[in-house]
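Following: one structure in structure tokens, then a few remarks.
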Protein chains: 2
Amino acid sequence: MKTLRLTSNDRAILLKSSFLGRLPRSTSEAVIEDATVSTHEEDDVLFRQGDGIDEVFVVLSGLVRLYRVGKDGREADLAVLQAGEVFAESAIFLGHHATASARAAEASIIARLDGRRLRQLAVSNPDVAQAFIELLCHRSKMVEDLLAQDRLHTAPERVANYILSNCPSGSTSFSFRLPFQKNVLAGKLGLAPEALSRAFSKLRQSGVVVRGRMIEIRDRHALERF
Amino acid sequence: MKTLRLTSNDRAILLKSSFLGRLPRSTSEAVIEDATVSTHEEDDVLFRQGDGIDEVFVVLSGLVRLYRVGKDGREADLAVLQAGEVFAESAIFLGHHATASARAAEASIIARLDGRRLRQLAVSNPDVAQAFIELLCHRSKMVEDLLAQDRLHTAPERVANYILSNCPSGSTSFSFRLPFQKNVLAGKLGLAPEALSRAFSKLRQSGVVVRGRMIEIRDRHALERF
DNA sequence: CGCGTCTTTGATGCAAGTCAATCGCCGTGG
DNA sequence: CCACGGCGATTGACTTGCATCAAAGACGCG
């Protein structure tokens with residue numbers, strides 16, 4: 001891990017991030033004033049569940065997995081975060097402890113915003129408070145979605161829903177590129193990699209073609225019925 | 001369902017609720033000024049996923065299940081809420097749509113707080129914004145906990161953890177009363193009732209005795225090891 | 001071209017859901 | 001007071017979905 005300065009590209013991503021993107025430009029510029037940046041290699045651990053942290057993290061590039069570990073060492077993903085996404089935001093309000101561990105799933109660049117300063121801003125500036133509230137609402141909804149998927153759907157159904165969520169509702173046929181390795185997708189969906197593979201091959205008969213990271217949907221409606 | 005006025009007992013519960021309890025007394029008194037109250041019988045639906053709602057709900061007495069339904073009609077619980085707990089708080093910030101359905105799991109009394117007024121307060125009063133932020137942080141953590149439990153632990157382990165979470169860490173032996181029917185507990189843990197039953201009987205050999213709603217733990221440490 | 005890594009496929013085992021039958025508890029009414 | 005009926009809880013038998021282990025196949029990169 002190496003610490004460095006903010007490039008102008010980094011600034012652009014920060015300003016469009018799921019948190020700062022909700023703020024008026026002047027405010028967000030002020031917030032990133034003292035941001036720090038660090039680079040991490042694949043598999044670097046950013047923090048562990050229970051660690052004391054007082055920062056909010058933003059992915060500038062790369063991929064971060066948020067997970068909990070069971071006592072046998074297995075890791076269950078709670079979220080997979082891409083450029084522009086924010087994480088660990090509740091730690092700064094909740095006893096300054098990480099509620100999960102975080103690890104780079106590929107080489108990544110991460111920005112950190114000081115927790116104390118953000119808390120001050122949240123009281124003095126209603127826009128900042130509002131942005132936090134909306135961010136947290138989205139976070140809750142994300143996790144609720146995951147939980148509901150886990151409890152209601154089988155592996156092929158979860159995969160179908162994931163594909164559909166990456167698919168514009170207009171067109172009947174469509175194709176897109178997975179934003180990460182199948183390995184990581186499996187984790188995000190709460191599946192073993194083998195189960196993901198089998199799910200894909202079951203979906204082939206509903207018109208889903210997988211080649212490498214490219215996913216092709218021949219008939220959106222066949223998938224929805226699934 | 002019947003609408004009625006706030007009793008003084010209701011007020012006391014509201015003021016200690018997970019949301020209003022974080023506010024200075026003068027503020028929280030103002031917030032509940034225009035609260036409305038309604039009673040519901042067991043199995044009454046309060047709202048369905050996707051319904052337009054612009055209120056925050058507080059359980060005054062009884063029990064409410066928050067759930068999503070799969071397309072086969074099965075219901076997966078996202079939370080089970082008791083007196084003093086707040087729900088649907090993110091709807092008022094997130095497009096005024098319920099992200100889940102809610103149903104009384106037993107006869108219940110529910111208070112409603114006007115969404116528009118709360119949003120106004122959240123911008124004008126930093127304390128209110130802060131209370132929302134903390135509430136949402138807790139909500140996220142709750143759901144994350146559930147997801148992690150589902151993904152990392154077997155049924156008996158989840159039940160053991162549930163028991164431990166109702167158990168003071170000091171004493172080695174302990175007993176308590178389930179706050180609701182086993183049926184409901186099963187739903188909350190993401191299990192079929194039969195699976196919960198089997199889990200309990202597996203835990204008997206670790207010193208857990210179940211009689212009706214009473215749970216008795218003979219040796220806390222045996223459970224922790226499980 | 002060859003090697004390592006990611007992915008797929010196959011075989012097997014276990015956890016939990018489902019269906020069905022029984023049990024226990026409690027309240028009702030004879 | 002006891003018999004009955006109803007409902008929640010338990011138990012058993014079976015099925016299913018997924019994890020796991022092992023091996024082979026595909027892909028990318030040096």
Side-chain angles (χ1 to χ4, degrees), chain A residues 41-43 63 65 69-70 72-77 105-107 146-147 149-162 177-205 208-215 226, chain B residues 41-43 63 65 69-70 72-77 105-107 146-147 149-162 177-205 208-215 226:
Chain A
E41 302 181 16
E42 181 168 340
D43 285 338
L63 208 60
R65 284 192 319 119
V69 302
D72 55 353
R74 265 178 40 245
E75 302 184 349
D77 287 11
E106 53 184 55
L146 274 185
L147 184 65
Q149 287 285 326
D150 272 28
R151 292 192 166 178
L152 288 173
H153 302 301
T154 66
E157 290 168 339
R158 297 208 288 262
V159 176
N161 288 334
Y162 173 79
R177 185 183 164 80
L178 287 179
F180 33 69
Q181 240 170 302
K182 298 217 177 87
N183 234 336
V184 177
L185 177 58
K188 177 177 160 118
L189 298 179
L191 297 173
E194 297 94 324
L196 176 64
S197 196
R198 286 184 237 270
F200 272 133
S201 72
K202 185 163 288 185
L203 291 181
R204 197 162 36 236
Q205 62 206 45
V208 175
V209 181
V210 180
R211 277 207 16 194
R213 284 198 189 174
M214 288 305 299
I215 310 283
F226 196 89
Chain B
E41 303 181 15
E42 180 167 342
D43 285 339
L63 208 59
R65 285 191 319 117
V69 302
D72 55 352
R74 267 178 40 245
E75 303 184 349
D77 287 12
E106 54 183 56
L146 274 185
L147 184 65
Q149 286 284 327
D150 272 28
R151 292 191 166 179
L152 287 173
H153 302 301
T154 67
E157 290 169 340
R158 297 208 287 261
V159 176
N161 288 334
Y162 173 79
R177 184 182 165 80
L178 287 179
F180 32 70
Q181 239 170 295
K182 297 215 177 90
N183 235 335
V184 177
L185 177 58
K188 178 178 159 118
L189 298 178
L191 297 173
E194 297 95 325
L196 175 64
S197 198
R198 286 184 236 271
F200 272 134
S201 74
K202 186 162 289 184
L203 291 180
R204 198 163 33 238
Q205 62 206 45
V208 176
V209 180
V210 181
R211 277 207 19 192
R213 283 197 190 175
M214 288 304 301
I215 309 284
F226 196 88

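Here the structure is a predicted model, which means the values were calculated and not measured. All chains are named by letter (A, B, ...) in the order of the sequence lines, taking the proteins before the strands, and each is independently numbered beginning at 1.
- Across the protein-nucleic acid pair, Phe180(A) atom CZ and dT7(C) atom C1' stand 16 Å apart, rounded to whole Å.
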Side-chain atoms of residues 182-204 of chain B: list all donor-acceptor pairs with protein atoms under 3.5 Å, sequence neighbours left out, distances to 0.1 Å.
residue: Lys182(B); atom: NZ; partner: Gly212(B); partner atom: O; Å: 3.1
residue: Ser201(B); atom: OG; partner: Arg198(B); partner atom: O; Å: 3.1

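- Atom CD in Glu106(A) sits 11.0 Å away from atom CG in Asp43(A) (nearest 0.5 Å).
- Nearest heavy-atom pair across Arg151(B) and Asp77(A) is NH1-O, 2.8 Å.
- Looking at residues two or more places apart in sequence or on another chain, you find no salt bridge (charged side-chain N to carboxylate O under 4.0 Å, His left out) involving Arg213(A).
- Considering only residues two or more places apart in sequence or on other chains, Glu75(A) meets the side-chain hydrogen bond (donor to acceptor under 3.5 Å, both in side chains) condition with Arg65(A), Arg103(A).
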Per-nucleotide protein contact string for nucleotides 15-26 of chain C, where B marks a base within reach and S marks sugar-phosphate only (heavy atoms under 4.0 Å, - for neither): -SSBB-------
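- Listed by chain and number, the residues in a side-chain hydrogen bond (donor to acceptor under 3.5 Å, both in side chains) with Arg158(B) amount to none (sequence neighbours excluded).
- Taking every nucleotide of DNA chain D with any atom under 4.0 Å from a non-hydrogen atom of chain A, the first and last of them, 5' to 3', are dC18(D) to dC21(D).
- Side-chain atoms of Phe226(A) and Val159(A), non-hydrogen and from C-beta on, never get closer than 4.5 Å to each other.
- Atoms NE2 and CG, from His153(A) and Asn161(A) in turn, are 5.0 Å apart once rounded to the nearest 0.5 Å.
- Lys182(A) has its NZ atom 10 Å from the P atom of dT9(C), to the nearest Å.
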